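Single-structure report; data block below.
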Amino acid sequence: MVFAAEKFLLAKMMRAIGDPPVQIVLWNGQEIQSHGGNTVARVLIHDRGALLKLVSNPELYFGELYSAQRIDVQGNLLDFLEVIYWSWPSSSQGRIGKKLLAPFHAARRKHPHQSTP
């Protein structure tokens, strides 16, 4: 099962990295494509934990998740990496995940059932 929040975060991440011509395939087979052009590659995300790590900090976790076979790239890996490189905002410097998750952190801080120190 894929939740709406997961699809929302993934769509935001794709927009934040410049909407590269990449198709995402989730563990349940659901396909998400944010770019209207020719798809360079398909990224298969095998589990929810991999998706959450990838969304939280794609720069940090992509290599780790790929090496652990929790995500796969179908297509030419070098073409995929090149299109991501050229789409990636030059000013991000590791802040994309932080920006994407900021509304969720703010909501968590305001949750009435959370104890305060």
Side-chain angles (χ1 to χ4, degrees):
M1 177 168 19
V2 176
F3 296 107
E6 294 164 337
K7 291 190 288 188
F8 173 75
L9 284 172
L10 185 55
K12 278 190 76 155
M13 181 189 77
M14 294 298 286
R15 282 192 303 276
I17 62 173
D19 278 329
V22 173
Q23 183 178 35
I24 307 293
V25 181
L26 301 176
W27 55 92
N28 70 343
Q30 186 170 8
E31 298 177 359
I32 299 168
Q33 185 169 346
S34 63
H35 191 275
N38 292 336
T39 300
V40 172
R42 290 170 41 122
V43 177
L44 301 135
I45 301 175
H46 297 295
D47 62 83
R48 176 173 285 116
L51 172 66
L52 295 176
K53 276 187 157 189
L54 191 61
V55 167
S56 72
N57 194 337
E59 294 169 278
L60 178 63
Y61 290 117
F62 178 83
E64 174 188 319
L65 295 167
Y66 182 80
S67 296
Q69 299 179 346
R70 293 179 66 193
I71 60 174
D72 288 314
V73 175
Q74 291 181 336
N76 186 303
L77 181 61
L78 292 178
D79 289 345
F80 167 75
L81 293 173
E82 182 176 12
V83 79
I84 294 296
Y85 176 80
W86 289 112
S87 297
W88 202 269
S90 60
S91 62
S92 73
Q93 297 176 1
R95 295 184 296 235
I96 288 176
K98 196 173 206 177
K99 286 180 185 179
L100 290 173
L101 297 175
F104 295 97
H105 291 299
R108 196 170 129 202
R109 284 192 299 272
K110 294 177 186 176
H111 193 277
H113 299 292
Q114 186 176 6
S115 62
T116 55

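Hydrogens, waters and symmetry mates are skipped; everything else that's a heavy atom, side chains included, is used. This one's a predicted model, so the numbers in the text were calculated from it and none came from an experiment.
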Given Q23 and V43, is the side chain to side chain contact (heavy atoms under 4.5 Å, CB included) satisfied, shown in steps? CA-CA 6 Å; Q23 183 178 35; V43 177; over 6 Å; no
Verify side chain to side chain contact (heavy atoms under 4.5 Å, CB included) between V25 and I45, making sure each step is shown before the conclusion. CA-CA 6 Å; V25 181; I45 301 175; over 6 Å; no
Output the distance between atom CD1 (I17) and atom CD (E59), rounded to the nearest 0.5 Å. 9.5 Å
What distance separates M13 CE from S56 OG, expressed to the nearest 0.5 Å? 10.0 Å
Beyond-backbone contact of L54 with L65, side-chain heavy atoms, under 4.5 angstrom: yes
Mind checking whether V22 and V83 have side chains closer than 4.5 Å, heavy atoms only? yes
I71 to A50 - nearest heavy-atom pair and separation: CG2-CB, 4.3 Å
For T39 and A41 the tightest heavy-atom approach is CG2-O, 3.0 Å
Min side-chain heavy-atom separation L81-Y85 under 4.5 Å: no
If you group Ile, Leu, Val, Met, Phe, Trp and Tyr by side-chain heavy-atom gaps below 4.5 Å, do L9 and L60 land in one group? yes
Between E64 and R70, does a salt bridge (charged side-chain N to carboxylate O under 4.0 Å, His left out) hold up when you go through it step by step? CA-CA 9 Å; E64 174 188 319; R70 293 179 66 193; 5.4 Å; no
Report yes if some heavy atom in the side chain of I32 is under 4.5 Å from a heavy atom in the side chain of K7; otherwise report no. yes
Can you tell me how far CZ of R48 sits from CD of E6, rounded to the nearest 0.5 angstrom? 4.0 Å
Do K53 and V55 have side chains that approach each other closer than 4.5 Å (heavy atoms only, starting at C-beta)? no
Are I84 and Y66 grouped together when hydrophobic residues (ILVMFWY) are joined by side-chain heavy atoms under 4.5 angstrom apart? yes
Heavy atoms of V73 and F62 approach each other most closely as CG2-CZ, 4.0 Å
I24 versus E31: any side-chain heavy-atom pair under 4.5 Å? no
CG of L10 to NZ of K12, rounded to nearest 0.5 Å, is 12.5 Å
If we only count heavy atoms from C-beta on, is the P21 to V40 side-chain gap below 4.5 Å? yes
